[in-house]
Q: 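Okay, here's the structure, questions in a sec.
Small disclaimer: the values here were computed from a predicted structure and weren't measured.
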Amino acid sequence: MGDTLITIVAIVLAAVLMFVFPLMTVSDRGDDISQLAVQNTTVEYVDSIRTTGKLSLQDYTKFVQTINATGNSFDVEIELKVLDENPGKKAAQTEVEKIGENIYYTMYTSQIMEQINPDPTTYPDGRTLALKEGDIISVKVKNTNNTIAQLLRNVFYRVVGNDTYQIAASHGGIVTVNGK
């Protein structure tokens, strides 16, 4: 009886070592590849906005399709800080100089989407939001689905939570040209 029990335990242990741990390793590598692809795509998207000064629906749609091609679903958050120049003018005899301060107001994803896609029937390709030099753009992406690696980790390690995500990327910067 004791030999049979040890044999069964050894078979179960061998099955776990031969199948489950390699599966976890391969799924982790898949998540790493998806992470790298999403990070690179996010950097390219933000840098494109920064160097052209334009945020369009077509570029946004292409960005979302590219990151969704990894087989995961994502939550994309865009934050745009628009420079609102509020200079006062002081007139001197030979020069005019600005006094006052520059103030930023913030637009978030839903507000930006209303700007670039106000009415799909009127504007099937959407609109382009022209940015100006000095605006600040920030894009954050994180997966909303559970990847295979997350599911396996939850089973074996009991790591469970609503805010856990495996694949995330963020990038931001200052717009360097006027988009008008």
Q: With the 4.5 Å side-chain cut-off for hydrophobic clustering, are V12 and L152 part of the same group?
A: no
Q: Any heavy-atom pair between the side chains of K132 and V82 that's under 4.5 Å?
A: yes
Q: Just so I know, are the side chains of L36 and D32 near enough to count as touching, which here means a heavy-atom distance under 4.5 Å?
A: no
Q: Please determine whether side-chain contact (heavy atoms from CB on, under 4.5 Å) holds for the pair Q150 and N143, giving the CA-CA distance in whole Å, both sets of side-chain angles, and the decisive distance to 0.1 Å.
A: CA-CA 11 Å; Q150 285 175 300; N143 70 313; 3.5 Å; yes
Q: Going from CD on E44 to OG1 on T66, what distance comes out if it is rounded to the nearest 0.5 angstrom?
A: 8.5 Å
Q: Give, for atom NZ of K81 and atom CG of D135, the distance between the pair rounded to the nearest 0.5 Å.
A: 12.0 Å
Q: Return yes when atom CD1 of I148 has more than 12 non-hydrogen atoms of other residues, nucleotides or ligands closer than 6.0 Å, and no otherwise.
A: no
Q: Can you sort out the partners of T70 under side-chain contact (heavy atoms from CB on, under 4.5 Å), two or more places apart, ordered by chain and number?
A: S34, A37, V38, N72, F74
Q: Rounded at 0.5 Å granularity, tell me how far CG in N145 sits from CG in D75.
A: 11.5 Å
Q: Could you tell me whether the side chain of Y60 reaches within less than 4.5 Å of the side chain of I78, counting heavy atoms only?
A: yes
Q: What heavy-atom pair brings V46 and G172 nearest, and what distance separates the two atoms?
A: CG1-CA, 3.9 Å
Q: Please tell me whether V43 and Y45 are part of a single hydrophobic cluster in this structure, the criterion being side-chain heavy atoms less than 4.5 Å apart.
A: no
Q: Count I, L, V, M, F, W, Y as connected when their side-chain heavy atoms are under 4.5 Å apart, and connections chain through other members. Are F21 and I11 then in the same cluster?
A: no
Q: Report yes if the side chains of Q115 and L55 come closer than 4.5 Å at any heavy-atom pair, otherwise no.
A: no
Q: Provide the closest heavy-atom pair for A149 versus D31 in the form atom of the first, atom of the second, distance.
A: CB-OD2, 3.1 Å
Q: In this structure, would L80 and V64 fall into the same cluster of hydrophobic residues linked by side-chain contacts under 4.5 Å?
A: yes
Q: How many angstroms lie between OG1 in T144 and CD1 in I167, if you round to the nearest 0.5 Å?
A: 10.0 Å
Q: OG1/T106 to CD1/I112 distance, rounded to the nearest 0.5 angstrom?
A: 10.0 Å
Q: Knowing that exactly one of N68, T109, I67 qualifies, which makes a side chain to side chain contact (heavy atoms under 4.5 Å, CB included) with V76?
A: I67
Q: Can you hop from Y105 to M113 via hydrophobic side chains spaced under 4.5 Å?
A: yes
Q: What are the two closest non-hydrogen atoms of A168 and Q35, and how far apart are they?
A: O-NE2, 2.5 Å
Q: For a 4.5 angstrom cut-off between non-hydrogen side-chain atoms, does I137 reach H171?
A: no
Q: Assess whether a salt bridge exists between D59 and K62, defined as any Lys/Arg side-chain N lying under 4.0 Å from an Asp/Glu carboxylate O.
A: no
Q: Restricting to non-hydrogen atoms, name the atom on A169 and the atom on T42 that form the minimum distance, rounded to 0.1 Å.
A: CB-OG1, 3.8 Å
Q: Mind checking the CD-CD1 spacing from Q58 to I116? Nearest 0.5 Å is all I need.
A: 10.5 Å
Q: Is the shortest heavy-atom distance from the side chain of V139 to the side chain of F63 under 4.5 Å?
A: yes
